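Notes follow the structure.
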Amino acid sequence: MPSTARWPRRVVIAVAFTLTLLATAVPAQAHPYGYPQTVTIAADATRPEVVHLRWKAGGVDELTLLGVELGLLPQDRVLLDGAISFQASDATILASSTPFTNYLLKQMTVSSDGHACAGAVDPPSDLVGSGVDVDYTCAGPVGAARVEVRMLSDLDPAYQTVATGPRGQRQVYGPGRYAHDWAFGDAPLPSEASVADHDRATAWKVAGSVGPLLLVAAVVSLLRRQVRRRRAARALPS
């Protein structure tokens with residue numbers, strides 16, 4: 001058989017070896033390199049002093065891991081090989097617990113005019129699908145607010161959070177950038193130039209989180225097409 005007919009197998013082996021190296025580089029008790037967690041930031045339509053935050057985990061394994069770290073779930077949910085054993089009840093246990101409420105209020109904070117806003121967690125009915133809402137009541141109407149997000153950063157500093165806000169504002173929270181100022185109501189946004197620079201930086205940050213997954217998927221798809229072509233060519237009459 002010509003050597004060119006064997007190259008897809010070599011590529012598969014190379015990709016598998018690379019993925020193995022990447023997997024062993026990930027900390028055993030944290031998985032911050034999958035889909036990022038998200039936070040949606042919004043003003044209240046009728047109460048100008050209130051800011052809403054909605055947090056959603058990037059994957060169900062993060063909820064289990066957080067439950068273990070908060071002492072709500074048994075340690076054996078994190079297996080020896082670093083895999084996490086998720087059960088549907090994990091999210092329910094986490095959502096209804098006081099430690100989770102305290103954790104949210106500690107890791108996500110809002111301040112306006114230099115004063116901290118009081119947070120209140122709305123007990124989530126679907127933590128996996130919809131996330132959890134936290135309302136922050138400030139001393140007066142909010143034109144601009146500083147929102148700090150450190151969700152899961154105490155489990156692994158590599159965790160990032162993709163945040164979206166009013167009028168298309170965006171930010172990626174992560175190491176060295178846990179605080180960001182957001183404009184609400186009629187407050188002026190940053191200049192168009194700085195917004196464009198920020199959008200480009202955000203795009204690169206997000207790409208760094210999900211890009212490797214898309215690359216692997218593209219390689220696998222390419223290999224499958226190549227194998228199908230070779231099989232079709234061998235099936236043709238000589």
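Quantities reported herein were computed from a predicted structural model and do not represent experimental measurements. For reference, positions follow the sequence shown, starting with 1.
With values rounded to the nearest 0.5 angstrom, D90 atom CG is found 4.5 Å from L73 atom CG. Taking CG of L72 as the start and CG of L66 as the end, the distance is 8.0 Å to the nearest 0.5 Å. Going from atom CG of L104 over to atom CG of L53 covers 10.0 Å, rounded to the nearest 0.5 Å. Distance check, rounded to the nearest 0.5 Å: OG1 of T38 to NZ of K56 gives 6.5 Å. Expressed to the nearest 0.5 Å, how far CE of M151 lies from NZ of K106 amounts to 11.5 Å.
With sequence neighbours excluded, no residue satisfies side-chain hydrogen bond (donor to acceptor under 3.5 Å, both in side chains) with S125. With sequence neighbours left out, the side chain to side chain contact (heavy atoms under 4.5 Å, CB included) criterion links D181 to R146. Residues satisfying the side chain to side chain contact (heavy atoms under 4.5 Å, CB included) test with A91, not counting sequence neighbours, are L63, L127, V128. Shown here are the side-chain hydrogen bond (donor to acceptor under 3.5 Å, both in side chains) partners of D154, two or more places apart in sequence or in another chain: Y103. Qualifying side chain to side chain contact (heavy atoms under 4.5 Å, CB included) partners for A163, counting only residues two or more places apart in sequence or in other chains: V39, I41, Y173, W182. The side-chain hydrogen bond (donor to acceptor under 3.5 Å, both in side chains) test applied to Q37 returns W55, T161, not counting sequence neighbours. Listed by chain and residue number, nothing satisfies the salt bridge (charged side-chain N to carboxylate O under 4.0 Å, His left out) test with E49 (two or more places apart in sequence, or in another chain). In terms of the salt bridge (charged side-chain N to carboxylate O under 4.0 Å, His left out) criterion, residue partners of D133 (sequence neighbours excluded) are, by chain and number, R54. Residues passing the side-chain hydrogen bond (donor to acceptor under 3.5 Å, both in side chains) test with R47, sequence neighbours excluded: D44. Residues passing the side chain to side chain contact (heavy atoms under 4.5 Å, CB included) test with T92: none are found, sequence neighbours excluded.
Using modelled atom types, no side-chain atom of R150 and backbone atom of P157 make a donor-acceptor pair closer than 3.5 Å. A donor-acceptor distance shorter than 3.5 angstrom exists from the side chain of D156 to the backbone of A158, with no hydrogens or angles considered. A donor-acceptor distance shorter than 3.5 angstrom exists from the side chain of E62 to the backbone of G58, with no hydrogens or angles considered.
Using a 4.5 Å heavy-atom cutoff, the side chains of V121 and L105 are in contact. Counting heavy atoms from C-beta outward, Q160 and R177 have side chains that approach closer than 4.5 Å. For the pair H180/V147, no side-chain contact is recorded, criterion being any heavy-atom separation below 4.5 Å from C-beta on.
Every pair tested for disulfide bond (SG atoms under 2.5 Å apart) that includes a residue from residues 43-82 fails, sequence neighbours excluded, so the list is empty. The list of disulfide bond (SG atoms under 2.5 Å apart) pairs with a residue in residues 76-122, not counting sequence neighbours, reads C117-C138.
The two residues A42 and P166 have their closest heavy-atom pair at CA-CG, 4.5 Å. Across all their heavy atoms, A183 and R167 have their closest contact at CB-NH2, 3.8 Å. Here the closest non-hydrogen pair linking V110 and A145 is CG1-CB, 4.0 Å. In terms of heavy-atom proximity, V60 sits nearest to F86 at O-CD1, 3.5 Å. Across every non-hydrogen atom of A95 and F100, the tightest pair is CA-CD2, 4.0 Å. Nearest approach of T64 to S85, heavy atoms of both residues: CG2-O, 3.7 Å.
Cluster annotation: I84 is connected to V68 through the hydrophobic network of ILVMFWY side chains, with a link wherever side-chain heavy atoms come within less than 4.5 Å. Taking hydrophobic clusters as Ile, Leu, Val, Met, Phe, Trp and Tyr residues chained together by side-chain heavy-atom distances below 4.5 Å, V149 does not share a cluster with Y178.
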Evaluate the criterion side chain to side chain contact (heavy atoms under 4.5 Å, CB included) for residue pair L94 and L70; output intermediate values, then yes/no.
CA-CA 9 Å; L94 190 65; L70 294 177; 4.0 Å; yes
